[in-house]
Structure formats: structure tokens, C-alpha cells
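When a residue number appears, it is its place in the shown sequence, counting from 1.
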Amino acid sequence: MNSFSETFIDTLLKKYDHTLTKQGVNGERIAKRLGALSEIGLTPDSGSGRMGFSNEERAAKNLLIRWMKAADLEVREDGAGNVIGKLEGSDMKDRVVMAGSHLDSVPNGGHFDGPLGVLAALEVVEAWTESGYKPPKTYELVIFSDEEGSRFKSGLTGSTAMTGHTNQEKMRAVNDVFSTPFKEVLEQVGLKEEGFFHSSRDFSDVEAFFEVHIEQGKRLEKEGLPVGIVSGIAGPCWLQVSFKGKAGHAGNTPMDDRQDALAAAGDFVRQVYSAPAEVSTSAVATVGQLQVYPNGINVIPGEVVMTVDIRDIHKKTRDELANRIKELARQTGEKYNTEVSFDEKVRIPPVPVQESVLSIVEEAVASLDIRPVLLPSGAGHDAMMIGRCVPVGMIFVRSLDGVSHHPAEWSSLNDCVLSIHALKRTIELTMERGI
């Protein structure tokens, strides 16, 4: 009986077009490496369970470190557990082009989100070695810690630390989902708190960062395209909105004498759904959590607390949408005679992809006889944090049925390999021309 990884590899290779194995990029190697990683943290549902700063994430990093060293990369690890593999340039050694992603997963996640980006960045080095290409500038492959945020309910931990944007006071005080203090979580995987807070790097020598990632949506599938080019990464604004009315007996309180917080909240949710289209074609808004108090069958709800996740790739329209949603809440609260309050939890700037980067990625994709299509990323990625410091570019890979963060997550090996060819050519063009 085959193991999960053997079946996984066989399925990847079954419909693989072996003519895509060329110029040093090897599809069979990618399949085997994805399969090997799939066994680390394998869940009973055949998903991935590699929480950030876990033994499973550590084991996955160690496996990649072995592969990186075998590819003659100079490997180091910073205080946040980010792993960096360096290939020195043949000419302009003091100029750097970076690529990478993460190896951690959401609980019971898929096997492509993150690992594909890491393996793509490593495969570029393998391809250069086999084809005899000498990069003129220094290349760095980065594996970021805890991108998903399952550990502390706040992701991009490693990339935030690398850019020096970590809120030290907040992180020192935080406990993880198991109530373990931040300091102890780090120590469990061989890291130190002080080392974590001194893991920022100087980005003055870095020209660009690139990341391959599954799309996590259906747009490429609908377009019939294997890869797409990210035009910008949406910045989230998370609002906690509270409607406070007055609890009362469901049978003895007339309808015209109620302060029903849930009635107000329901009307508000309906309005949130249509609000993004009034502001931007790339904006979205989602009510994801909702708590009703006192939550009794025969009690008029006295308070409702909900979260609203607001995103867009443009800061101006994202902030405009956030203000509009606040105003909708105020108007709705007045209509139902309920008090409204807000608590802003997160506001991260969107990261646009600059035109010079887009043009290079478009040229790389077109060289593969693939129609270049631009699409926004509604999800956050490590590239979003690195984009605060240097120009970034992202290549999306078609996702089957748009599924992600689930054991059923799947991208064909053909699409994965095409994304690696696109990444390789993108990095080569960047090294030869600059941004």
C-alpha cells in the first residue's frame, strides 16, 4: 500500500507534460520534494498541520536546509527563524535579488500554499547549476517563519521581524493559542526572544523580492491560464463593530418598543455586502465573526459584536470603504435606536506592484507563450511585508476550484513548473537589467 506522499507524487506526475522539464527546471524533482514535505505534519484528513514555530515547521525547514546546502547555497538563520540561502553573484556581488515564501500551514491546510513558493525559489538555483547560468548579482532564497498566523492569530511574523516592523511590546506580552507565552514558544524551537527582536536586516542592497504562490481563487481557472501576475496586494483593515441595544423579554416587548441589536446588525451586514462595489472594483468586505448577547431563545438581543474585514489593493479606496462602512453602521444604529462603537484591530497598507516590476514579469510570462493577465491579491503574503522595504513581484499559480487552506488544495504539476520557469526568467531579467 502506497504512503500518502507516494500517492501524492504519483498523482502529480500522472498528467505531467515532461517537455516542461527543460533549461534545468525539473518537474519530477519538484513533485518529489512537494511529496516529501507533505509527510511533515500530515493530518488524519491528509492535510498539512505545520503551525508556525512548531516542531513540524522546524522539521520542514531542516529538510529544506539540507536541499539548499546540497545546491551549494550558503545557509544561515536569523533570530526569527527565517532561513536564508545565499548564492553569491559573479559580478555585482553587493546587489541582491530575493525570492521565497513560507513552510508553515493553517491547521489541516493544503500542501501547496507556501511550500510551492519555497521550492520554486530553490529550483531556480538547481536550474542555474544544471544549465550553467552564473547570476551576475547575489541571489537569496528566504523561508519565512509563521506566515499563516495560526500560532498567535496574527500572521507574517517572520517577514515582519525581518523588516523591523514588529511591535515589541505587543509580542512580548502575547500568548499563543495554547496559552504559552511568546518567549517560551520561541525557546521550544531553539530561538531566543532577544534574537527575535534583533533579526531585522538592511534592505539597502536588495533590488527586489519575488514570490510564487497559489492563487487561492478561481480567476485563472476561469481564464484558462496556468499562471497570472499580481498587480497589487490588498492591505486589510479589520474593524470590530458593536451594536448595543437593550435586552428584553421576547414575548412581552412590543415590536415598536424594541432596541434590538441583532436587527440592527443584520441590516448592517446586508449593506456591507454591497458597499465595496460602490468604491472600487478590487475592494472586498466580509463580516466574518458575530457574537450575540445574551444569546437566549426568548431574549431580545441586547448587544452584537462583529468583525468586518475590509481590503483593497489601493490605500485610498480601502480607507474610503472603511469610512463608508463606519458611516453605514452609525446610520443603521440610529435607525434601530442602538449605540454603535468601533475598535480598529488592524490597518496594514496595501502594496502596489510597481510598473517596472510588472513589465519584467509580463515579459517573462509572455516568453512562455502564456497570455499575461494581471490580477489583485486579496490575501496577505510575506511579499506584502517585504514590499514595505523593496519592490516586490508575485506570480500566481492556478488553483483547482479556487480551493486553499484545505486538504483538497491542488495545483497541477504542469502549472507549478510553468510558474517556476516564469520566476526563473523574471529573476534573470531583473539581475541583467535591474528594476
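- Side-chain contact check for Tyr273 versus Val287: every heavy-atom pair is 4.5 Å or farther apart.
- Gln331 and Glu327 are linked by a side-chain donor-acceptor pair at a separation below 3.5 angstrom, with hydrogens and angles left out of the test.
- Taking a cutoff of 4.0 Å between a charged side-chain nitrogen and a carboxylate oxygen, Asp104 and Arg50 do not qualify as a salt bridge.
- The shortest distance between side-chain heavy atoms of Met306 and Val269 falls below 4.5 Å.
- Considering all non-hydrogen atoms of both residues, Thr317 and Val279 come closest at O-CG1, 3.4 Å.
- Within 6.0 Å of atom NZ in Lys183, 12 or fewer heavy atoms from other residues, nucleotides or ligands are found, so the atom counts as exposed in its surroundings.
- You'll find the side chain of Met162 stays beyond 4.5 Å of the side chain of Ser200, heavy atoms only.
- In plain terms, the two heavy atoms of Ser231 and Leu374 that are nearest each other are CB-CB, 4.2 Å.
- Under 4.0 Å is where a charged nitrogen must lie from a carboxylate oxygen, and between Arg324 and Glu320 at least one such pair does.
- Put simply, the side chain of Arg33 reaches to within 4.5 Å of the side chain of Glu126, judged on heavy atoms.
- For CD of Glu355, the number of neighbouring non-hydrogen atoms (other residues, nucleotides, ligands) closer than 6.0 Å is 12 at most.
- Taking CD1 from Ile325 and CZ from Arg330, the interatomic distance works out to 12.0 Å, rounded to the nearest 0.5 Å.
- Scored by the ring-ring contact (aromatic ring centres under 6.0 Å, His included) test, Phe112 finds Phe8, Trp410 as partners (sequence neighbours excluded).
- Using a 4.5 Å heavy-atom cutoff, the side chains of Asn323 and Leu321 are not in contact.
- More than 12 heavy atoms of other shown residues, nucleotides or ligands fall within 6.0 angstrom of atom NE2 in His165.
- Atom OG of Ser48 sits about 8.0 Å away from atom CG of Leu42, to the nearest 0.5 Å.
- Evaluation of the salt bridge (charged side-chain N to carboxylate O under 4.0 Å, His left out) rule for Glu211 yields no partner, not counting sequence neighbours.
- The stretch residues 340-381 participates, sequence neighbours left out, in these ring pair (Phe, Tyr, Trp, His ring centres under 6.0 Å) pairs: His213-His381, His381-Phe396.
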Check against ring-ring contact (aromatic ring centres under 6.0 Å, His included), His18 and Tyr16: CA-CA 6 Å; His18 288 271; Tyr16 178 57; 4.8 Å; yes

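- Under the 4.0 Å criterion applied to side-chain N and carboxylate O atoms, Arg398 and Glu215 are not assigned as salt-bridge partners.
- For Leu87 against Pro135, the heavy-atom pair with the smallest separation is CD2-CG, 3.8 Å.
- Of the N and O atoms on the side chains of Thr332 and Gln271, at least one donor lies less than 3.5 Å from an acceptor on the other residue.
- The shortest non-hydrogen separation linking Ala80 to Phe53 is O-CE2, 3.5 Å.
- Of the residues Pro376, Ser282, Pro276, the one that meets the side-chain contact (heavy atoms from CB on, under 4.5 Å) test with Asp312 is Ser282.
- Rounding to the nearest 0.5 Å places CG of Asp146 at 12.0 Å from CG of Leu103.
- Glu56 is linked by a salt bridge (charged side-chain N to carboxylate O under 4.0 Å, His left out) to nothing, counting only residues two or more places apart in sequence or in another chain.
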Please report, to 0.1 Å, the donor-acceptor pairs under 3.5 Å made by any side chain of residues 62-76, with sequence neighbours excluded.
unit_1	atom_1	unit_2	atom_2	d
Asn62	OD1	Arg58	NE	3.3
Asn62	OD1	Arg58	NH2	3.2
Asn62	ND2	Arg58	O	3.4

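- The local environment of CD in Glu278 is crowded, with over 12 non-hydrogen atoms from other residues, nucleotides or ligands closer than 6.0 Å.
- With sequence neighbours excluded, the residues forming a side-chain contact (heavy atoms from CB on, under 4.5 Å) with Ser404 are Ile214, Gln216, Glu409, listed by chain and number.
- Separation of atoms CD (Glu147) and CG (Asp382) is listed at 5.0 Å; rounding is to 0.5 Å.
- Partners of Lys192 by salt bridge (charged side-chain N to carboxylate O under 4.0 Å, His left out), not counting sequence neighbours: none found.
- When the ring-ring contact (aromatic ring centres under 6.0 Å, His included) test is applied to Phe210, no partner is found at least two apart in sequence or on another chain.
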Could you list the donor-acceptor pairs under 3.5 angstrom formed between side-chain atoms of residues 356-365 and any protein atom two or more places apart in sequence or on another chain?
unit_1	atom_1	unit_2	atom_2	d
Ser356	OG	Gln354	NE2	2.7
Glu363	OE1	Arg433	NH1	2.8
Glu363	OE1	Arg433	NH2	3.4
Glu363	OE2	Arg433	NH2	2.8

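- Considering only residues two or more places apart in sequence or on other chains, Phe152 meets the ring-ring contact (aromatic ring centres under 6.0 Å, His included) condition with Phe182.
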Gln240 vs Gln289, side chain to side chain contact (heavy atoms under 4.5 Å, CB included): CA-CA, chis, key distance, verdict: CA-CA 9 Å; Gln240 181 174 285; Gln289 292 181 331; over 6 Å; no

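- Pairs of residues two or more places apart, or lying in two chains, that qualify as salt bridge (Lys or Arg N to Asp or Glu O under 4.0 Å) and include a residue from residues 88-98 are Glu88-Lys93, Arg95-Glu207.
- For Asp202, the side-chain hydrogen bond (donor to acceptor under 3.5 Å, both in side chains) criterion is met by Ser204, not counting sequence neighbours.
- Between Ile229 and Val373, the closest side-chain pair of non-hydrogen atoms is not below 4.5 Å.
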